[in-house]
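Taking it in order: structure first as structure tokens, then the write-up.
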Amino acid sequence: MSTLSEGMKAPEFHMPTDGGGEVSLSALAGKTIVLYFYPKDSTPGCTTEAIDFSALKKDFDAANAVVVGVSRDSVKRHDNFKTKNELDVILGADLDGTVTEAYGVWVEKSMYGRKYMGIQRATFLIDSQGLIQKIWPKVKVKGHAAEVLDAAQTLSA
């Protein structure tokens with residue numbers, strides 16, 4: 001996992017998003033940011049996680065929090081994923097891997113004895129000043145979005 005820790009300044013990021021948009025840390029200044037990293041669009045865990053965050057969008061909005069999901073999938077794939085699952089979160093396309101590497105979530109993984117590089121599912125809660133307030137490394141999807149919402153609401157209180 002990353003060498004980032006709670007209380008540190010979050011690394012700047014700038015990425016294209018679904019719908020032809022762009023997202024960056026500096027453009028979201030003044031808001032709480034939920035930056036969650038996931039391996040791949042349209043896989044079971046990633047779909048569940050995105051749907052869970054989308055279902056809580058109004059609550060995140062009320063806490064002045066913006067949810068941004070990040071993978072290395074293309075904008076076109078993000079658009080399809082978002083449409084198919086009626087998602088209501090921003091999906092950032094980290095095409096060159098700059099953001100996943102800056103946040104330390106591009107890691108060696110292993111499946112069936114084969115080693116490969118991939119995104120470790122992780123979430124960073126960044127406050128309105130750009131400081132990392134909470135890190136969830138190696139996220140388990142079930143109940144995660146609600147746990148992040150609780151932390152975001154506490155931060156905005």
Side-chain angles (χ1 to χ4, degrees), residues 1-73 75 77-79 81-95 98-106 119-157:
M1 186 69 184
S2 107
T3 55
L4 296 177
S5 59
E6 293 170 4
M8 290 178 72
K9 183 112 178 93
E12 176 61 59
F13 60 82
H14 189 272
M15 297 172 277
T17 66
D18 61 274
E22 290 187 352
V23 66
S24 67
L25 181 67
S26 52
L28 296 174
K31 291 196 171 283
T32 297
I33 303 165
V34 174
L35 192 64
Y36 81 93
F37 292 89
Y38 66 97
K40 194 167 185 59
D41 289 346
S42 300
T43 56
C46 299
T47 302
T48 298
E49 187 175 27
I51 289 170
D52 289 352
F53 274 116
S54 293
L56 297 172
K57 172 128 178 19
K58 286 187 174 90
D59 297 310
F60 280 107
D61 288 348
N64 196 33
V66 178
V67 179
V68 180
V70 181
S71 77
R72 288 193 175 188
D73 291 304
V75 168
R77 244 185 108 102
H78 280 343
D79 285 337
F81 181 48
K82 194 165 183 172
T83 301
K84 179 181 177 186
N85 296 289
E86 299 178 6
L87 303 177
D88 201 9
V89 294
I90 298 166
L91 297 177
D94 184 28
L95 301 173
T98 314
V99 182
T100 49
E101 290 190 23
Y103 280 81
V105 299
W106 186 247
I119 293 176
Q120 178 176 295
R121 192 181 306 278
T123 302
F124 295 80
L125 181 63
I126 303 167
D127 71 15
S128 59
Q129 305 303 307
L131 299 176
I132 299 169
Q133 292 300 317
K134 181 111 177 92
I135 300 172
W136 289 267
K138 298 183 180 176
V139 165
K140 299 288 183 247
V141 173
K142 187 173 172 60
H144 179 62
E147 184 182 344
V148 175
L149 175 62
D150 286 345
Q153 289 171 327
T154 300
L155 200 58
S156 73

* Specify whether H144 and W136 have parallel, tilted or perpendicular ring planes, treating 30° as the upper limit for parallel and 60° as the lower limit for perpendicular. => perpendicular
* Do the ring planes of F124 and Y103 sit parallel (below 30°), tilted (30 to 60°) or perpendicular (above 60°)? -> perpendicular
Please report the shortest heavy-atom distance between [X] and [Y], naming the atom on each side.
{"X": "A152", "Y": "A65", "value": "CB-CB, 4.3 Å"}
{"X": "A10", "Y": "L25", "value": "O-CD2, 3.4 Å"}
{"X": "H78", "Y": "S71", "value": "CE1-OG, 3.1 Å"}
{"X": "A102", "Y": "P11", "value": "O-CG, 3.8 Å"}
{"X": "A93", "Y": "M15", "value": "O-CB, 3.9 Å"}

* Structure fact -> By side-chain contact (heavy atoms from CB on, under 4.5 Å), K9 pairs with (sequence neighbours left out) L131
* Structure fact -> Given the options V105, T123, V70, Y36 meets side chain to side chain contact (heavy atoms under 4.5 Å, CB included) only with T123
* Asked: For I90, which of I33, V68, L35, V34 qualifies under side chain to side chain contact (heavy atoms under 4.5 Å, CB included)?
  -> V68
Reported [atom1]-to-[atom2] distance for the pair [X] and [Y], which is rounded to 0.5 angstrom:
{"X": "D150", "Y": "L125", "atom1": "CG", "atom2": "CG", "answer": "11.0 Å"}
{"X": "D79", "Y": "T17", "atom1": "CG", "atom2": "OG1", "answer": "8.5 Å"}
{"X": "K138", "Y": "Q120", "atom1": "NZ", "atom2": "CD", "answer": "5.5 Å"}
{"X": "S54", "Y": "N85", "atom1": "OG", "atom2": "CG", "answer": "8.5 Å"}
{"X": "Q153", "Y": "L56", "atom1": "CD", "atom2": "CG", "answer": "9.0 Å"}

* Asked: Among T154, D127, T32, which one satisfies side-chain hydrogen bond (donor to acceptor under 3.5 Å, both in side chains) with Q133?
  -> D127
* To do: Run through D41, D88, D18 and flag the one making a side-chain hydrogen bond (donor to acceptor under 3.5 Å, both in side chains) with K82.
  => D18
* Apply side chain to side chain donor-acceptor pair (under 3.5 Å) to T100 and D94, showing your working. => CA-CA 7 Å; T100 49; D94 184 28; 2.9 Å; yes
* Asked: Is a side-chain donor or acceptor of E6 paired with a backbone partner of I135 at a separation under 3.5 angstrom?
  -> yes
* Asked: Just by distance, do the side chain of N64 and the backbone of G30 share a donor-acceptor pair under 3.5 Å?
  -> yes
With heavy-atom distances below 4.5 Å as the criterion, would you say the side chains of [X] and [Y] are in contact?
{"X": "T47", "Y": "F81", "value": "yes"}
{"X": "L149", "Y": "F60", "value": "yes"}
{"X": "Y38", "Y": "T43", "value": "no"}
{"X": "V139", "Y": "F37", "value": "no"}

* Structure fact -> Applying salt bridge (Lys or Arg N to Asp or Glu O under 4.0 Å) to D61 and not counting sequence neighbours gives K57
